[in-house]
Each structure stands twice: as C-alpha cells, then as structure tokens.
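Note: hydrogens, waters and symmetry copies are ignored here, and every other heavy atom, side chains too, is used. Every chain is numbered from 1 and lettered A, B, ... according to where its sequence line falls, protein lines coming before strand lines. For clarity, every value in this text was computed on a predicted model and none was experimentally measured.
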Number of protein chains: 2
Amino acid sequence: MTGSTASLRRRRRKAQRVTLNEVAELAGVSPSTVSLYIRKPDAVSEDRAHRVSEAIAKLGYVPNLMAGGLAAASSRIVSVIVPSIRNAFFAETVSTIQAALGSEGFQVLLGHTEYSEAQEEALVRAALSWAPAAIVLTGLSHSHGTRALLAASDVPVVEMWELGGPTIDMAVGFSHEEAGAAAARHLIARGRKNIAYVGARLHEDHRAARRADGFLRELAPESGQAGRIIRHPGPATADAGALLLNRALQQFPGLQGLACSNDLVALGVLFECQRRGIRIPEDLAVIGFGDLGFSASCNPPLTTIRPSGDVIGLEVARLVLASVKGKPEAPEPVIDTSFLLVERRST
Amino acid sequence: MTGSTASLRRRRRKAQRVTLNEVAELAGVSPSTVSLYIRKPDAVSEDRAHRVSEAIAKLGYVPNLMAGGLAAASSRIVSVIVPSIRNAFFAETVSTIQAALGSEGFQVLLGHTEYSEAQEEALVRAALSWAPAAIVLTGLSHSHGTRALLAASDVPVVEMWELGGPTIDMAVGFSHEEAGAAAARHLIARGRKNIAYVGARLHEDHRAARRADGFLRELAPESGQAGRIIRHPGPATADAGALLLNRALQQFPGLQGLACSNDLVALGVLFECQRRGIRIPEDLAVIGFGDLGFSASCNPPLTTIRPSGDVIGLEVARLVLASVKGKPEAPEPVIDTSFLLVERRST
DNA sequence: CGACAATATCGTAGCGCTACGAAACCGGCT
DNA sequence: AGCCGGTTTCGTAGCGCTACGATATTGTCG
C-alpha cells in the first residue's frame, strides 16, 4: 500500500478516461472523423461509421463534454431556475422541460431561488459559467445585476410562468392579473356578494400577489370594498388554508366566496370547513388555483384555475430548441399559454 | 443589416467573454495568481486580493467552468438522478440536496428516469460526460450497464432512499420492507383482522413494492392469508386511491384496515370513504406513507410513515461533500435515516 | 547579518475536443 | 482521358483554465 498515494496522484493527470484519439486510433480513422461521427453520424460513410461505433463500444468511450464545450464555446446545458422545486407547479414544468430537452441531448442544470432575487442572481452567474445553451427563469422580476449579467452574455433567455411586463428575450406564460380577475368574476357570477382572496407568501410570490391584484381590480367597481385580502407569510400548505379561512371568517362576517392563491390552500379551507360544519358551496364558494392532482377528487371537487404547467414547459423547450437551432429572433418570442377556469362543485 | 451574419459568425470565435488573462493584466498580476485567488482567496496576499477582486468587478469577469473543469479533470457538478421530480418525496430531497450543495459552490444536474433503468443508464452516461464531483442515484436497482459505467469512472456514487441490498459505494435511506412491516404491525395492533395493502405503480416503483413485501411478510403468520395486495398501474394519485379502495372493498369483504403505498393514494381513499359514508377509523383504519403536506390536516388526520426526505437529502449532501473533500473511504458509507410511524386519527 | 524555512507569486504545458480550411476521393459528363 | 462539382476525410490550432514545479519574497533565529 506504500505506493498508493503516488499512483493516485498520477492517475489524476495520466492514464485517465478513454479519449477520442484512442477511439480514432483503434478505428483507424482520424480524430476529426470520430468527432464528426459523434456530432453528425450521417455525415460519415457507412463503413467508417461502423468502425467508429465499434471502437467506441469496445473502449467504453464516454465523451468529455467539458472539452467539447470549451472548444465549441457553448454547451448543451440548459439552466432552469425556479423559486422552489417543492412547488408542484414548477415540479411539473421542470419535469416537462427536462423530458423534452433530454430527448434532444440537452441537460438541465437546476437552481432554486427560494423567492430571493439575490439568490437568483447568484444562480444566473453560476449558470453563465457553463456557457449554457439557454437560461430559463421564472417570472419577470429580476435584479438589476441579473439583467446586466444576461445582457452581457448573449445567451438565449426564456422567462416563464408570467406575462404582462417587459421581457428580457422570450417569454411563455399567462397574465396572473387576468387569472385573479377571472376568479373574482366567477364568484360574482355565482351570486356571491361578500368575497375575499386568501394567499400564502404573497410578499415573495409576485405571481400570487398579481392574482390578488386582479381579484381586487374586479371587485372594486362591484362593491367599493378594498383590502379584501388576507395574507399568510408562510408557504402555501393545507395548514395555511385552515388558518386563513378562520381569519377570513372572523374579518369578513357573512363571507360567501373565497378565492385561494393555491389549491393546497383551498384544500386546507375545505378540510377546515368540514370540521366547522360549513357547507360548500351552499354556505361558502371556494375557488383555488393550480388544478393539482387531488383537486378533482376531493369533496366537493374543487373549482380552480388550471395554468397548464406542462404546456408552459413544452413551449419553453420549443423556444429553447428553436433559438439553439439557429432562427435568431423567433417571430413570436412571447407565448400566451392562457389558463382555464375549471368549474367543479365547490362554487 | 447586411453584415449581421458575418459579425455574428465572428463573435462566436473572437471578442467573446472576458478571460482570466485579461483580469490578470488589469490587476497587474500573473494569471496563476488570479486563478489562485478564485479558488483559495486566503492563499493570496491582501494587497493582490484587493486588486484582483477589483479587476474582476470592473471587467464583469465570469469564470469559464468548462475550461477549469477540463484542466482540473473534474467539475463541481453533482448529478442527481431520481425517478420523477413530480413526486413530492424526491422534490423535497432534491431541493434539500441542492440547497446544501449550492452553498458550497456545487451545482445540481438533474435527471429523471421515469422509473426506467435504461433511461437511468443514459442519464448516468450523460452525467459522466461532465466529470461530476459525484453521482446521486435513487434506489439500489440499476442496470448492468449503469454499474459498469460507474465502476469504470471512479466518481463517488451515493444511492439514496433505499437500504437493504448491495451498495455501489455509499448509501443513505431506510428499509422499505421494514416500513411495510411496521404498517402491518400497526394495523394489527389496532385490532384489525382483515387488512390489505393498496399500491400504485408497484411494477415500476421497487420501493413501494418492497413495502408491500414487508407488509405481506408480517401478515402471513397472523392469518395465513396471502396476496392481499391490490395494484394500480398508473401513478400514485388521489384518483388511484378512490379506485383502489373500491376494488379492495369488493375483493376483501369485511375489510378493516388498509395500508396505502403513498399518502396521496390514502387521501383518495379518505375522499372516497367520505362519499360512501364509510367511517374512518371506526369502519376502516387507513395508514399512508410519506407524511406529505396535507396529511396532518385532512379529516381525519392521516396516520402515516414519515420517511424524512429532507434528512436523506442532508445526509446525501454531507457524504458528497466528505467524499470530495478528501477522506476517501468514509467510515460509515451506509447511513440508515430510518422512518417514523406517525399515529394520527385515521387508525 | 547571513542562513534557512515558510509563504507568495509566477511560467507554462497540457486537459480533450471542435472548427475550419485543405486535401482526397468519387463518379458523371464532354 | 480530363475536368468538375460534390462529398468525405484529415491536420491542426486553439478554447480558458489549473496543476505543478520553479522562483521570488519575507520572516526568524542564532
């Protein structure tokens, strides 16, 4: 065991992984040909392609993408930055993006900001270090530093999950203000006079806050009431929903309709109503946001707004692919995926 | 606009990002010093550190990690491969891993296998192309090719979320068989005679299947009954829970206790019971798995097994960091995070 | 005040691959 | 046969950085 340190040390610099040159040698072709075969197999004659692929298999060659990326001054990494991957919306979108890009040979470098712009800037800086093929950001609010970094880099940028503001480059999403307004209109159309919006983490979650804005906007002409919003600083959980319901009931006697910033919050409201014997929708109409997995099967099934996180992911992937494949300025770099108000029995 | 193509083309190779050499020149030091400053700021004298950091700020220098990784033959990327990021368990773990590693300057390259070993192998191959600092895999079942790839690479490997089988390198998790057995024992201890296990996606989700095995193992001596498992091929959703409950009721008349492969499934069971007027726990005791966000607030609160996905993530990060920081063979490369049976009112 | 150790700085040879232009090859046609 | 356009193959100069050993600087002590 005496020589082990020395041999370890040597291994670091020498005798490491199989290289493209070794493949070329074994296949009896030039390194260029191997490289070409890997990048565009069709550009190589059948005979050589066969020899090369055999050599790769025999040697167990794994290309070094860092070397490739360095030489090509670009990588097949796509950096996706979301507030939190624990949030089912973003989990779905990230999952879809990664599936769509993965099949095209791109890899997803994940970051989450925990709703902090400073954190986002750090993540963007780190992402840029990999010369990514594209950067995908959540929302339209970014720090000055983030914008500067991005502007200096000419990496394609896609902002997702929000529309209705100036865009860095490309954007896919919908207007949250409209979604909030739609919720309010729906409750009003159902004949509810005394309605409110409850939301979690509104101080950090800009999108939920904008839904609240839209809700309020629709409300004002109706009844002149303002400030019919109740906030919970913590994350959007069922517990928060129960809490928020109780505070809403207390603050707004005779409450007839409630819009929730998130289906998980709405679920908590449902549970608490069951406990308190409040009938839904007879006593209280409840509308959520998200159309999560359980929303159609709870009691009663939840009326909610479906944002189509998977469609957003698909469109993001499409834009990324298009901007990599050449076409510099896509004709429509802003895609409105809209949302759907799904009417179920809770309203 | 005539010359735009040419200028674009030129930009690719020239006039690109600021390099370390330019920083060195501006700061009046050698490139080595700048590099050293970036990697170990303390190893540089205060005077030069100041000059370098100023030059970096003035130039807006962003290091090229591909060049760095190539030269160092390693990167600060950690590849994390999970079955699905939509699954709340893995979302939580990935989130924790990324938070813990992010603060140490590592980045997470995400992959999801959709429960396919072939897909996993492709992801491992892709990950290896980046000479990652470590690879984190889910579970202990991997294809032969995956094992070969990993063996040939001497990258540290952590397998998570499962224990009780041969390990590639390091592992963090718990025994799912034990968890399933604990669920059975709990139902039996509650005096339930006629119990069953319902699970979604058992043919792909090895861990849920092993929980079912453990459940059965505990059951057999009790009553001699076998095959008290009902499977649903689709993913674990509340809908699947409702479905499974109905099939269980039909197949096992007089059913008194039900263990679910997932809290989401259990939630579906709860909902369906509400609809059918089945009282929980009087008529039917229900135990879940996961202790998800809603499990404590539903009606009745759900008895469940908490796997501590965040602790798993933390321990994974710790192992990764330790294996990077030197200490070659950690004294205990297998960490049992165990699980907790949380008794609530559903049993 | 000189010798020596400890610390700080520097010079440079690659890391493995791709882009690019040149060279070789291959029929088909005059 | 000779020429030509298109296709396939090849040679090689870096991409930007780090490791490593060499050199310069500083501090300590007899």
Can you tell me the distance, in whole Å, between the [atom1] atom of [X] and the [atom2] atom of [N]?
| X | N | atom1 | atom2 | answer |
| --- | --- | --- | --- | --- |
| B:Leu20 | D:dC15 | CG | C1' | 14 Å |
| A:Asn21 | C:dG14 | CG | P | 14 Å |
| B:Met66 | D:dG16 | CE | C1' | 10 Å |
| B:Glu25 | D:dG16 | CD | P | 14 Å |
| A:Leu65 | D:dC15 | CG | C1' | 15 Å |
| B:Leu70 | C:dA13 | CG | P | 17 Å |

Exercise for the section: With heavy atoms under 4.0 Å as the rule, sort A:Leu36 into base, sugar-phosphate or nothing. Expected result: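 Base contact.
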Fill in the blank from the handout: For A:Glu162 and A:Leu140 the tightest heavy-atom approach is OE1-N, 3.3 Å
Problem - Interface residues of residues 27-35 of chain A with DNA chain D (non-hydrogen, below 4.0 angstrom) - result: A:Val29, A:Ser30, A:Ser32, A:Thr33
Exercise for the section: Pull out every residue in residues 37-57 of chain B that has a heavy atom closer than 4.0 Å to any atom of DNA chain C, ordered by number, or say none. Expected result: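 By residue number: B:Val44, B:Ser45, B:Arg48.
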Test of understanding: with side-chain hydrogen bond (donor to acceptor under 3.5 Å, both in side chains), list the residues that count as partners of [X], not counting sequence neighbours.
| X | result |
| --- | --- |
| A:Ser30 | A:Thr33 |
| A:His206 | A:Ser141 |
| B:Gln119 | none |

Problem - Pairing residues for B:Phe90 by the ring-ring contact (aromatic ring centres under 6.0 Å, His included) criterion, not counting sequence neighbours - result: B:Trp161
Problem - Angle by which the axis turns from one end of the helix from C:dC1-D:dG30 to C:dT30-D:dA1 to the other, five pairs per end, to 10 degrees - result: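 About 40°, once rounded to a multiple of 10°.
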Does anything in [range] pair up under salt bridge (Lys or Arg N to Asp or Glu O under 4.0 Å), and if so which pairs, sequence neighbours excluded?
| range | result |
| --- | --- |
| residues 48-75 of chain A | A:Asp47-A:Arg51 |
| residues 64-73 of chain A | none |
| residues 96-110 of chain B | B:Glu104-B:Lys325 |

Problem - Residue list, salt bridge (charged side-chain N to carboxylate O under 4.0 Å, His left out) with A:Arg147, at least two apart or on another chain - result: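 Counting only residues at least two positions away or on another chain, A:Arg147 forms no salt bridge (charged side-chain N to carboxylate O under 4.0 Å, His left out).
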Problem - A:His142 and A:Glu117: side chain donor to acceptor below 3.5 Å - result: no
Name the atoms and distances for all side-chain donor-acceptor pairs under 3.5 Å in residues 122-138 of chain A, with sequence neighbours left out.
residue, atom, partner, partner atom, Å
A:Ser129, OG, A:Arg125, O, 3.2
A:Ser129, OG, A:Ala126, O, 3.4
A:Ser129, OG, B:Pro63, O, 3.4
A:Trp130, NE1, B:Gln107, OE1, 2.9
A:Thr138, OG1, A:Ile81, O, 2.8

